[in-house]
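Just so it is clear, the structure is predicted and the values come from calculations on it, not from any experiment.
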Amino acid sequence: MTTPPLIEQIAERVERLLVRHEELQRTNDLLAQQIQALTQERDSLQSRLHAARARVDALIDRLPTGAGAGVARTQNPHGGSDSPSKGGAA
């Protein structure tokens with residue numbers, strides 16, 4: 001059993017590296033597409049959350065003042081307000 005000449009070994013190794021490089025490029029492209037899709041989904045969900053929060057805040061603001069007795073609005077760390085919470089009841 002003889003070993004192939006050094007130049008053939010190098011050529012085979014280069015071919016394997018090129019194939020692996022192409023595989024990694026395809027994988028990277030797929031991952032980039034997934035990141036883009038997930039980023040768009042996240043942005044859409046954030047937008048829907050903000051819209052829902054604004055609707056809830058508008059509904060709370062429409063409540064009669066007498067109905068809001070004993071109800072405190074807490075600040076949300078993301079801005080706006082959370083849903084009302086009863087003071088003292090835990």
Side-chain angles (χ1 to χ4, degrees):
M1 179 178 199
T2 62
T3 55
L6 184 58
I7 190 76
E8 288 180 20
Q9 291 175 356
I10 293 172
E12 288 175 16
R13 176 106 172 125
V14 168
E15 288 296 324
R16 286 195 307 268
L17 287 171
L18 287 172
V19 169
R20 182 67 176 142
H21 178 263
E22 290 171 1
E23 291 171 354
L24 290 173
Q25 271 189 321
R26 283 193 298 271
T27 301
N28 189 47
D29 290 343
L30 290 173
L31 289 172
Q33 289 173 7
Q34 288 178 350
I35 288 171
Q36 183 178 10
L38 290 171
T39 300
Q40 289 174 349
E41 181 180 4
R42 182 207 58 203
D43 291 346
S44 173
L45 290 171
Q46 284 179 334
S47 176
R48 290 174 56 195
L49 173 65
H50 291 305
R53 186 173 286 147
R55 288 193 304 272
V56 168
D57 286 343
L59 288 172
I60 290 170
D61 290 341
R62 288 176 47 196
L63 288 174
T65 55
V71 176
R73 289 178 68 179
T74 59
Q75 275 296 12
N76 183 328
H78 301 292
S81 61
D82 287 334
S83 52
S85 60
K86 298 263 183 193

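The line from CG of Asn28 to CD of Gln33 is 10.5 Å long, rounded to the nearest 0.5 Å. With rounding to the nearest 0.5 angstrom, the NE2 atom of His50 is 11.0 Å from the CG atom of Leu45. Considering CG of Leu18 and NE2 of His21, their distance stands at 8.0 Å, rounded to 0.5 Å. A distance of 10.5 Å separates CG of Leu31 from CG of Leu38, quoted to the nearest 0.5 Å. The CZ atom of Arg26 sits 9.5 Å away from the CG atom of Asp29 when rounded to the nearest 0.5 Å.
Counting only residues at least two apart or on different chains, no salt bridge (Lys or Arg N to Asp or Glu O under 4.0 Å) pair has a member in residues 2-13. Pairs engaging residues 34-49 under the salt bridge (Lys or Arg N to Asp or Glu O under 4.0 Å) rule: none recorded [sequence neighbours left out].
Contacts of Arg20 classified as salt bridge (charged side-chain N to carboxylate O under 4.0 Å, His left out), with partners at least two apart in sequence or in another chain: Glu23.
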**Report entry** Criterion side-chain contact (heavy atoms from CB on, under 4.5 Å) on Leu59 and Arg62, from CA distance to verdict
**Finding:** CA-CA 5 Å; Leu59 288 172; Arg62 288 176 47 196; 3.9 Å; yes

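For Thr39 (side chain) and Ile35 (main-chain N/O), a donor-acceptor pair under 3.5 Å exists by modelled atom type.
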